[in-house]
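What you are looking at is a predicted structure, and each value in this text was computed from that prediction instead of being measured. Both ligands and their constituent atoms are indexed starting at 1 by order of listing.
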Amino acid sequence: METLALEVELTDELRAMREAVRRFVDGELGPWAEEIDRSGEIPDGLIALMQRNGYCGMRLPVEYGGGGLSLFQYCIALEEFSRLHRAFTIAANYTSGMTPMAIARHGTPAQKEKFLRGFAAGKLKSGFALTEPEAGSDAASMRTRAERRGDGWVLNGRKHYISGGHVADVIMVMAVTDPEKRARGGITAFLVEKGMPGFSVTRVDTTIATDAIRLAELTFEDCVLPDSAVVGEVGNGFKVAMGSLNDGRMSVSCSCVGAAESLVERSIEHAKTRRTFGKLLAERQAIQWMLVDSAVDIAAARALCYDVLRRIERGEKVGSAGSMCKLFCSEMVGRVADRAVQIHGGMGVIRGFPVERFYRDVRHYRVGEGASEIQRIVIARDLLRGVRIED
Ligand SMILES: Cc1cc2nc3c(=O)[nH]c(=O)nc-3n(C[C@H](O)[C@H](O)[C@H](O)COP(=O)(O)OP(=O)(O)OC[C@H]3O[C@@H](n4cnc5c(N)ncnc54)[C@H](O)[C@@H]3O)c2cc1C
């Protein structure tokens, strides 16, 4: 197929993988997207279908039943999922996202045996709990506290805006274990399981986006945890969380690219059929220029993401390049969605029409997993300490 930009940069392996995921999305997921829009839920049947087709635990080690995919391969899969519906990327993250990967990297053999196998089998869903009412961007100021009691821990505090926290079977919760040290050795990651005494879901928020994305408030009141609930070393939780967020930035970036591409394709289709004043919209320069600006935006975003992903795959340190991806891609998809609504006219704002849903869904990307301002702070820090852009 003729392409305008950059497809040539993919290896044969990645290209084949993209085609396989696209076949799965086009062939199987359409009815599930409709079901998600109807019910506002991510159905268990969808997770089961994803599991049968190898889309649960995609990044987890093969020895635990996972797919062993690299971050690059996973991001290509998310890009394809997000062309149809944002909910599919959420479903993928339940079993292959930040918490499963933190356990794969830092977990004990017993944690891996129990949880990774469960994720890969599509039987467990994960959540990741860092944010608190008084600690969002400034996560290190968290108040949730875990104190030593005997050979275990007692957890007290509150997290909020936790994606899927109300349905998760296991949640990685970051808590202060040494108030003097905080982010420098005083925060620890714990695995909290559904139904543990002292743990409850105290609120579930819906947002401007699809109802399939719900954010939960989690409350811990004298929640007793065994030592075996600690992920990695005591005091190392902030590093564990930040490592997970590095991956998360790339996943979000590629999800933005997929959503943007889908919006342009939908806009082109509309422009080629909608006539005004006796001519197709596609014949109007004003419309063409909006399509062009979006296409250029997407090409630049994809080039940036793939370059960074390739460098990560080679084992290079990418510094704040992941923040550049997250910043550029999340803002890019906002511009593209806005143009897509404009090209569709009234249809673009009608509730239930896909372009309208995309427009609402992509707004999250500029806030979650480090808002745009925080990504700018991270990049500025590197620039001002003399890191060259090509480093
Ligand atoms: C869809 C969605 C899903 C989420 N899922 C999860 C999840 O699963 N787990 C989890 O732990 N959290 C999750 N979050 C929470 C998310 O990480 C926080 O909302 C985010 O970090 C921002 O924190 P805040 O909402 O407290 O905003 P604040 O930190 O209060 O920031 C408000 C605004 O001020 C800006 N700002 C803050 N500090 C500065 C500064 N120093 N200079 C300039 N501007 C600044 C921010 O960029 C933002 O625009 C989710 C959020 C969303 C929207």
Side-chain angles (χ1 to χ4, degrees), residues 40 42 78 82 85-87 89-102 125-144 155 157-176 183 187 189-192 201 203-220 231 237-238 240-249 251-253 255-256 259 323 326-327 329-331 333-334 357-381 384:
I42 296 179
L78 292 185
S82 77
H85 201 299
R86 168 117 195 255
T89 66
I90 306 287
N93 279 330
Y94 279 159
T95 65
S96 312
M98 297 198 282
T99 292
M101 283 311 291
K125 299 185 191 104
S126 69
F128 176 88
L130 180 66
T131 307
E132 300 182 4
E134 303 301 326
S137 301
D138 180 14
S141 67
M142 70 178 68
R143 295 176 180 181
T144 297
L155 186 65
R158 197 150 53 101
K159 299 284 178 182
H160 78 168
Y161 301 160
I162 309 308
S163 301
H166 59 304
V167 293
D169 300 287
V170 55
I171 301 175
M172 189 166 76
V173 179
M174 264 50 72
V176 176
I187 289 172
F190 295 90
L191 294 175
V192 178
V201 176
R203 198 183 71 230
V204 180
D205 292 312
T206 50
T207 74
I208 59 170
T210 166
D211 281 345
I213 299 175
R214 302 222 185 131
L215 308 180
E217 179 188 74
L218 315 176
T219 301
F220 308 97
V231 184
F238 207 67
V240 171
M242 293 305 125
S244 299
L245 283 166
N246 284 341
D247 284 2
R249 278 182 200 126
S251 313
V252 163
S253 301
S255 302
C256 292
S323 290
K326 162 72 169 53
L327 173 63
C329 293
S330 60
E331 303 212 333
V333 75
R357 178 180 50 71
F358 271 95
Y359 180 80
R360 289 184 289 108
D361 283 355
V362 302
R363 186 61 183 85
H364 278 179
Y365 288 130
R366 281 156 62 193
V367 178
E369 299 187 36
S372 290
E373 294 71 22
I374 303 309
Q375 307 305 338
R376 286 188 170 92
I377 288 172
V378 172
I379 300 163
R381 201 178 293 148
L384 295 172

Of all the atoms in ligand 1, which lie at a distance below 4.0 Å from a heavy atom belonging to [X]?
X	result
Ile377	40 (C), 41 (N), 42 (N)
Ile162	7 (C), 8 (O), 9 (N), 10 (C), 11 (O)
His364	1 (C)

Which one holds for Leu215 and ligand 1: side chain close, backbone close, both close, or neither close, with close meaning a heavy atom under 4.0 Å?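 Side chain only.
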Could you tell me whether [X] and ligand 1 have an N or O pair separated by under 3.5 Å?
X	value
Glu373	yes
Leu130	yes
His160	no
Ser372	no
Glu132	no
Tyr161	yes

Name all residues meeting the side chain to side chain contact (heavy atoms under 4.5 Å, CB included) criterion together with Ile42; count only those two or more places apart in sequence or in a different chain, and write none if there are none.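 So Ile42 forms a side chain to side chain contact (heavy atoms under 4.5 Å, CB included) with Leu46, Ile47, Ala87, Ile90, Ala91, Tyr94, Ala212.
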So which pairs with a foot in residues 163-175 pass salt bridge (charged side-chain N to carboxylate O under 4.0 Å, His left out), sequence neighbours left out?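 Qualifying pairs, neighbours excluded: Asp169-Lys194.
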What do the steps show when you test Glu369 against Arg249 for salt bridge (Lys or Arg N to Asp or Glu O under 4.0 Å), and what is the final call? CA-CA 7 Å; Glu369 299 187 36; Arg249 278 182 200 126; over 6 Å; no
What's the shortest distance from atom 9 (N) of ligand 1 to any protein heavy atom, and which residue and atom give it?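 Answer for atom 9 (N) of ligand 1: Phe128 O, 2.8 Å.
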Of the protein's non-hydrogen atoms, which lies at the shortest distance from atom 26 (O) of ligand 1, and what is that distance?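 For this ligand atom, the closest protein heavy atom is Gly136 CA, 3.2 Å.
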